[in-house]
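I have placed the structure first, in the form of structure tokens, so that the comments after it can refer back to it.
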Amino acid sequence: MRNEEIYKELVAICGEKNVLRDEPLKDHTLVKIGGKADFLVMPETYEAVAQVIRLKEAHQLPFTLLGNGSNVIVLDGGIRGIVMQFKHLAGLRVEGNQLIAQGGANIKDASRLACENSLTGLEFACGIPGSIGGAMVMNAGAYGGEVKDVIDHVKVVTQQGELRTLKKEELELGYRTSIISKNKDIVLEAAFALEAGDQAAIKEKMADLTFQRESKQPLEYPSVGSVFKRPPGYFAGKLIQDSGLQGKGVGGAEVSTKHAGFIINKNNATAADYIATIEMVRKKVKETFGVELELEAKIVGEEVK
Ligand SMILES: Cc1cc2nc3c(=O)[nH]c(=O)nc-3n(C[C@H](O)[C@H](O)[C@H](O)COP(=O)(O)OP(=O)(O)OC[C@H]3O[C@@H](n4cnc5c(N)ncnc54)[C@H](O)[C@@H]3O)c2cc1C
């Protein structure tokens, strides 16, 4: 199928304003890195999501799902085929003690809404800059809390376009992983089971976590957050710090001097700079401590040809 035909089909499903061609993905990732997407589509309904899935299946088109772009590094050559983002599927509502969020809603906003309704359980998420979909896939967590503690069920579309509801027990939530990432399901909606709480206490906990985050993390620079997973028995940031890597980097990318687990985009870094910095860190930590650092962030797309 030629690109012109793909474009027409996508416009018929999502509407012209929701299909962008040759869209620079650095504008859609928090680290501000990445080449262009052939097509960036932003469906407004679940049916449109399923139709795009069926289109890409029928024509075997490459397909990538992007959440809030807070944990991905898009390579400089960009992404071929269809990139889908849930900018318009970002609703949030409270039903009794459940908070129901669409895949594109920000988990920070879900945390704030829970607080407004005096519901406790999502305070840990008040500073995580990801979408509900991304948070489900990664089983996002912070300061002792994680999605696993509060999720009730999730509605997904499979890669074949089939709608399914997955209960907590079926989600196989582990450290920064879930069945959703293994099956490449697409999260449409998630329901969190919260508890009635004291609003002042919820607010205080969120303020405390925000203070801890702002004082320790280099939030003034674009980044992907923690680049590496926590290796069993160690802290990635401590290993990197003790390897003397803070302030070092390649091109515009640099290991943060504030938190060694973060690599910041200090000065118009390319994906090539960022990846080269990651490799430098991995090599040095392996040489110094014999520990292999595994990436938490995901690398997508292709290199410049
Ligand atoms: C400053 C900073 C601080 C951070 N702090 C934390 C933290 O404390 N704890 C933590 O866990 N993480 C943290 N992160 C990382 C990141 O915010 C989380 O991993 C988040 O869950 C990623 O969500 P996203 O929507 O940005 O996903 P993206 O980065 O866009 O994508 C990540 C993965 O999720 C998939 N995905 C996205 N949406 C969907 C969907 N609807 N259905 C299925 N798959 C989907 C993508 O395909 C991709 O594989 C931080 C990042 C930054 C930049």
Side-chain angles (χ1 to χ4, degrees), residues 25 28-34 37 40 42-43 46 49 53 63-74 79 82-90 101-111 122-149 154-159 164 166 171 173-190 209-210 212-214 216-230 237 256 258-259 261-265 274 295-301:
L25 290 170
H28 300 270
T29 58
L30 294 200
V31 67
K32 303 277 169 236
I33 281 175
L40 178 66
M42 294 160 285
Y46 293 162
V49 174
I53 303 298
F63 176 81
T64 307
L65 194 61
L66 195 61
N68 203 31
S70 66
N71 212 21
V72 286
I73 303 156
V74 177
I79 305 184
I82 302 169
V83 176
M84 188 189 271
Q85 207 175 23
F86 283 1
K87 288 217 161 121
H88 305 306
L89 291 169
Q102 287 188 304
N106 204 309
I107 195 162
K108 275 185 189 179
D109 294 336
S111 175
L122 271 177
E123 294 89 330
F124 76 88
C126 68
I128 301 178
S131 68
I132 293 293
M136 283 309 313
V137 169
M138 305 292 287
N139 184 23
Y143 301 109
E146 55 181 352
V147 160
K148 186 181 174 184
D149 303 334
V154 179
K155 283 189 186 159
V156 299
V157 185
T158 65
Q159 287 289 327
R164 290 190 61 200
L166 301 173
L171 289 169
L173 294 160
Y175 176 58
R176 302 294 170 265
T177 172
S178 67
I179 192 77
I180 301 169
S181 56
K182 288 179 202 145
N183 291 348
K184 299 202 182 332
D185 288 339
I186 297 165
V187 176
L188 296 177
E189 213 172 276
L209 296 183
T210 304
Q212 288 191 50
R213 197 178 274 274
E214 285 174 354
K216 291 194 185 121
Q217 298 184 355
L219 302 180
E220 56 282 19
Y221 287 104
S223 79
V224 296
S226 301
V227 177
F228 303 102
K229 291 189 180 183
R230 189 174 353 99
S256 165
K258 195 167 174 186
H259 187 315
F262 282 54
I263 294 175
I264 56 171
N265 177 355
Y274 207 83
L295 270 191
E296 175 173 323
K298 301 198 184 295
I299 299 173
V300 292

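In what follows, residues are counted from 1 in the order of the sequence shown. Just follow the structure's listing: the first ligand is 1, and inside any ligand the first atom is 1.
- The protein heavy-atom contact nearest to atom 14 (N) of ligand 1 is P129 CD, 4.3 Å.
- Close approach to F86 involves these atoms of ligand 1, each under 4.0 Å from a residue heavy atom: 41 (N).
- Set against the non-hydrogen atoms of L219, the atoms of ligand 1 under 4.0 Å away are 1 (C).
- For the pair C126 and L209, the tightest heavy-atom approach, listed with the atom from each and the gap, is SG-CB, 4.2 Å.
- Distances below 4.0 Å separate heavy atoms of I186 from the following atoms of ligand 1: 42 (N), 43 (C).
- Which of V137, I73, T29, L30 comes nearest to atom 44 (N) of ligand 1 through a heavy atom is settled by distance: it is V137.
- The N/O atoms of G225, backbone and side chain alike, include none that comes under 3.5 Å of an N/O atom in ligand 1.
- Side chain of N68 to backbone of N106: no donor-acceptor contact under 3.5 angstrom is found.
- With hydrogens left out, the protein atom closest to atom 24 (P) of ligand 1 is N68 N, 3.4 Å, a heavy atom.
- Looking at ligand 1, you won't find any N or O of N139 less than 3.5 Å from one of its N or O atoms.
- Among N71, V224, I264, the residue whose heavy atom lies nearest to atom 51 (C) of ligand 1 is V224.
- Counting only distance, with no hydrogens or angles, the side chain of S226 and the backbone of F228 share no donor-acceptor pair below 3.5 Å.
- Contact annotation: E146 has no heavy atom less than 4.0 Å from any atom of ligand 1.
- Each of the atoms 8 (O) of ligand 1 lies under 4.0 Å from some heavy atom of A142.
- In this structure a side-chain-to-backbone donor-acceptor pair under 3.5 Å is present from Q159 to K184.
- Short contacts between ligand 1 and G141, defined as distances under 4.0 Å to a heavy atom of the residue, involve ligand atoms 7 (C), 8 (O), 9 (N), 10 (C), 11 (O).
- Among protein heavy atoms, atom 31 (O) of ligand 1 sits closest to V72 CG1, 3.7 Å.
- Looking at atom 6 (C) of ligand 1, its nearest protein heavy atom turns out to be R213 NH1, 4.0 Å.
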Could you give me the CA-CA distance, side-chain angles and deciding distance for E146 and Y175, then say whether side-chain hydrogen bond (donor to acceptor under 3.5 Å, both in side chains) is met?
CA-CA 9 Å; E146 55 181 352; Y175 176 58; over 6 Å; no
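- Of all the atoms in ligand 1, the ones that sit under 4.0 Å from a non-hydrogen atom of A140 are 11 (O), 21 (O).
- Side chain of S111 to main chain of L122: a donor-acceptor pair is present (N/O by atom type, distance under 3.5 Å, no hydrogens or angles).
- Side-chain contact of E123 with Y143: a donor-acceptor pair under 3.5 Å is absent, judged by distance alone.
- Nearest non-hydrogen protein atom to atom 17 (O) of ligand 1 is S70 OG, 2.7 Å.
- Looking at atom 25 (O) of ligand 1, its nearest protein heavy atom turns out to be S131 OG, 2.6 Å.
- Put simply, the side chain of T177 never gets that close to the backbone of G174: no donor and acceptor are under 3.5 Å apart.
- In this structure, of S226, S178, A135, G130, the residue bringing a heavy atom nearest to atom 21 (O) of ligand 1 is A135.
- Of the possible polar contacts, one joining the R176 side chain to the G141 backbone as a donor-acceptor pair under 3.5 Å is found.
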Chi angles and distances behind the side-chain contact (heavy atoms from CB on, under 4.5 Å) call for L25, L66
CA-CA 10 Å; L25 290 170; L66 195 61; 4.2 Å; yes
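- Side-chain contact check for Q85 versus L40: some heavy-atom pair is nearer than 4.5 Å.
- A salt bridge between K229 and E296 is absent, with no side-chain N of the basic residue lying under 4.0 Å from a carboxylate O of the acidic one.
- Heavy-atom proximity to D185, at under 4.0 Å, picks out these atoms of ligand 1: 43 (C).
- Distance from atom 42 (N) of ligand 1 to its nearest protein heavy atom, with residue and atom name: V187 N, 2.8 Å.
- Set against the non-hydrogen atoms of R176, the atoms of ligand 1 under 4.0 Å away are 11 (O).
- With respect to atom 34 (O) of ligand 1, the closest heavy atom belonging to the protein is G134 CA, 3.8 Å.
- The main-chain N or O of I263 is found under 3.5 Å from a side-chain atom of Y274 such that the two form a donor-acceptor pair.
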